[in-house]
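Right, one structure below, let's go through it.
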Amino acid sequence: MFYGITIFVLNFIQIVSSQPSADQWHIFEDALYLVDNDTRLNYDQAQSYCQELGGNLARIDSDEIQSFLTDIVSPGFVPTRCFFIGANDIEDEDEFKWQDGTQVRYDGWSPGQPDDTEGNRDCACLWSSKNPSRHGQWDDTNCFNRMNFICQKRLYNFTLTSSRSNPGSGYVTCAVDIVDDNEILPPDDIRLSVGKTLASTRSIPYSSTRVIGQFRDSTFEIDNLEEDDMIFCHVGDLSRNTTSFSRIQFLPINFYALPGLTFSPAVDDIGSTSLTVTWSSWIPCLDTGEGPVVSYLVYVQTTGKELINAGEVDSDEGEGALHGTMELALTELEPGTEYNISVSAVREGVGGEGPRSPFVSVTTSIVSARRSAILENGILPWIFFGVSLAGNVLLLVVIIKLCRRRKKEPFQTRSLKGVRTTPSGSVPNDDQYEVPRARGDGEDHLYEGLRRKSSKYSEAEGYISMDGPDRVEYVNTIM
Ligand SMILES: *[C@@H]1O[C@H](CO)[C@@H](O)[C@H](O)[C@H]1NC(C)=O
Ligand SMILES: *[C@@H]1O[C@H](CO)[C@@H](O)[C@H](O)[C@H]1NC(C)=O
Ligand SMILES: [Ca+2]
Ligand SMILES: [Ca+2]
């Protein structure tokens, strides 16, 4: 590869906090609570309802959760109401258990409860009452009573990362914090969906997944990605979007600008059936787009025919020379025929081919090939060599100036293979080559409900520091 640069640029992430649920679900620590003061269901129905929403009837196992929920049901309802929670002793009398089967250890009972009145009070509820000895505390009640209830669901923390890619493809890693009561989230539960809107997404299967520490890291490769596609990482079903907070949204991937050659190629050695196409290798800052360029494709078109790809030239051939001259011999051409010839540069990665250069128009000769007299002369090649050497040095200085001027914006330093430094000291140290960083639009994004996890990054710019890891993390803590 000619230019061994790899630039990762992070993407900016935002969460969607869907409106209907935002009113009803309350976040506390790593869970969400829905205190439903409207729907009245019996205990089993209430539990099914919570499951539909991706949760369970609430588990209360600390003073903190108990007082958090008490605040929500305050001031006390008149007439009093008791909200079903997850504890019941249906199986064994006086052995209260939560929905996950674990024993109830925390004592949130109102004085004198549970009392199992009439021997059929097996389902726990939390009082909202004007009576302070009851308010915010538990009672055991009849499971067939139709009452309000409190659901709880797990809130997942996401870390979404992506590296830049060529247009049309994306590589996204979604890491989800899975440590909770030693729960290991199955890989299929972490999903990635892509689409113009939340409602019209297509699901992308993961290409790899692994558990690292407390995170499950799943990597997704996305094809046919369009510029305005949204990317969502979520746990569980996205169609239940009105209730899911465990979701994170990517803005569209920040694509690389594909490389383009500014000038048309030249032609040489024009014969009746062959010619040689030559062109200057792609040069950062002078040509358009971003490298590294790994190869070139030569296109040929003749009147009334389709444009055809006449061959590919590996850019390695220009290695060692700053300003490499690439060439490709075309044969089996028609004599006396006009051809349009252009060249495209291809950057590394899938879908890296840039736009075609302006074309050169050439007509093959009618009779046998005539050789260029110049090339048969013995001195001229040496003159050319001298000129091109001087030209290369000059070009290097120009490029460095151009590139440096563009570097007002944050940049990243990477070692660039194949670029020589001049001895003058006017170039960067240690054959390091400064590459201007493409500008993201970090300011426009919403971070609603998202907290940036790391302080390694420049908050204002949203760019990674030069020696920082190539990603930014957000966790979906909803404020
Ligand atoms: C009932 O719940 C809704 C939604 O959370 C809330 O807006 C309303 O204030 C609650 N009603 C009472 C009386 O607390
Ligand atoms: C070359 O391109 C020009 C401009 O697009 C077009 O007018 C001409 O017909 C082309 N010639 C051939 C041989 O394709
Ligand atoms: Ca009981
Ligand atoms: Ca009771």
Side-chain angles (χ1 to χ4, degrees), residues 17-29 31-47 49-50 52-60 65-153 155 240-245 449 478-479:
S17 58
S18 39
Q19 293 322 308
S21 51
D23 304 335
Q24 294 164 7
W25 289 90
H26 302 266
I27 184 171
F28 188 70
E29 291 174 347
L32 291 159
Y33 299 88
L34 175 73
V35 179
D36 195 320
N37 60 25
D38 186 31
T39 319
R40 286 181 181 273
L41 299 172
N42 70 35
Y43 185 83
D44 283 349
Q45 291 168 334
Q47 168 59 15
Y49 186 97
C50 293
E52 275 292 303
L53 302 178
N56 283 303
L57 282 170
R59 173 185 168 130
I60 301 170
I65 299 173
Q66 176 108 328
S67 61
F68 175 76
L69 293 175
T70 304
D71 282 350
I72 295 173
V73 297
S74 297
F77 278 88
V78 182
T80 60
R81 290 186 196 183
C82 205
F83 292 78
F84 275 132
I85 58 172
N88 70 75
D89 70 342
I90 295 168
E91 234 167 70
D92 295 308
E93 180 53 33
D94 225 20
E95 297 285 335
F96 278 88
K97 287 180 182 162
W98 297 112
Q99 289 297 328
D100 59 13
T102 58
Q103 216 180 327
V104 173
R105 296 187 191 282
Y106 177 74
D107 180 3
W109 298 104
S110 184
Q113 302 298 337
D115 57 3
D116 204 43
T117 317
E118 298 173 359
N120 65 2
R121 304 292 198 265
D122 292 344
C123 290
C125 61
L126 182 139
W127 280 111
S128 173
S129 165
K130 292 280 182 213
N131 178 350
S133 72
R134 274 182 161 184
H135 188 64
Q137 296 183 310
W138 310 348
D139 200 347
D140 56 344
T141 187
N142 189 320
C143 301
F144 297 101
N145 287 347
R146 290 161 64 86
M147 319 215 297
N148 295 148
F149 50 88
I150 304 173
C151 299
Q152 174 186 352
K153 69 191 265 180
L155 180 66
R240 294 204 190 112
N241 64 66
T242 53
T243 52
S244 174
F245 279 84
I478 293 164
M479 308 299 171

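Just follow the structure's listing: the first ligand is 1, and inside any ligand the first atom is 1.
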### Query
Which salt bridge (Lys or Arg N to Asp or Glu O under 4.0 Å) pairs, counting each pair once, include a residue from residues 108-127, with sequence neighbours left out?
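Listed by first then second residue: Glu118-Arg121.
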
#### Entry: Criterion side-chain hydrogen bond (donor to acceptor under 3.5 Å, both in side chains) against Asn56, the qualifying member of Gln47, Gln152, Gln99, Lys153
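For Asn56, the side-chain hydrogen bond (donor to acceptor under 3.5 Å, both in side chains) test succeeds with only one of Gln47, Gln152, Gln99, Lys153, which is Gln47.
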
### Task
Say whether Asn37, considering both its backbone and side-chain N or O atoms, lies within less than 3.5 Å of an N or O atom on ligand 1.
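Yes - when backbone and side-chain N and O of Asn37 are compared with those of ligand 1, one distance drops under 3.5 Å.
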
### Message
Strictly under 3.0 Å, is the Ca ion (ligand 3) approached by any N, O or S atom of Asp94?
### Response
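It does not: Asp94 brings no N, O or S atom closer than 3.0 Å to the Ca ion (ligand 3).
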
### Task
Round to 10° and report the angle made at the Ca ion (ligand 3) by OD2 of Asp89 and OE2 of Glu93.
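So the angle at the metal works out to 70°.
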
### Query
Could you give all pairs that pass the disulfide bond (SG atoms under 2.5 Å apart) test and reach residues 92-128, with sequence neighbours left out?
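Residue pairs passing disulfide bond (SG atoms under 2.5 Å apart), neighbours aside: Cys82-Cys125, Cys123-Cys143.
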
#### Entry: Cut-off under 3.0 Å, centre the Ca ion (ligand 4), protein N/O/S atoms
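Counting only protein N, O or S atoms under 3.0 Å from the Ca ion (ligand 4), the list reads Gln113 OE1, Asp115 OD1, Asp139 OD1, Asp140 O, Asp140 OD1.
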
### Qualifying residue for ring pair (Phe, Tyr, Trp, His ring centres under 6.0 Å) with Tyr43, from Tyr49, Phe149, Phe84
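Result: among Tyr49, Phe149, Phe84, Phe84 is the only option passing the ring pair (Phe, Tyr, Trp, His ring centres under 6.0 Å) with Tyr43.
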
### Message
For Trp138 and Phe83, I'd like to know if the aromatic rings sit close, meaning centre-to-centre distance below 6.0 Å.
### Response
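Between Phe83 and Trp138, which both carry aromatic rings, the centre distance is not below 6.0 Å.
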
### Message
If the cut-off is 4.0 Å to any non-hydrogen atom of Phe77, which atoms of ligand 1 fall inside it?
### Response
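The list of qualifying atoms is 12 (C), 13 (C), 14 (O).
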
### Task
Identify, with sequence neighbours excluded, every residue that meets side chain to side chain contact (heavy atoms under 4.5 Å, CB included) alongside Phe144.
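For Phe144, the residues satisfying side chain to side chain contact (heavy atoms under 4.5 Å, CB included) (neighbours in sequence not counted) are Asn142.
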
### Task
Please confirm whether the backbone N or O of Gly76 pairs with a side-chain atom of Ser74, one donor and one acceptor, at under 3.5 Å?
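The answer is no, because no donor-acceptor pair under 3.5 Å joins these two groups.
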
#### Entry: Asp100 and Thr102 side chains, donor-acceptor separation under 3.5 Å
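Yes, side-chain donor-acceptor contact under 3.5 Å.
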
### Task
Return the name of the atom in Asp122, of element N, O or S, nearest to the Ca ion (ligand 3).
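In Asp122, the N, O or S atom with the shortest distance to the Ca ion (ligand 3) is OD1.
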
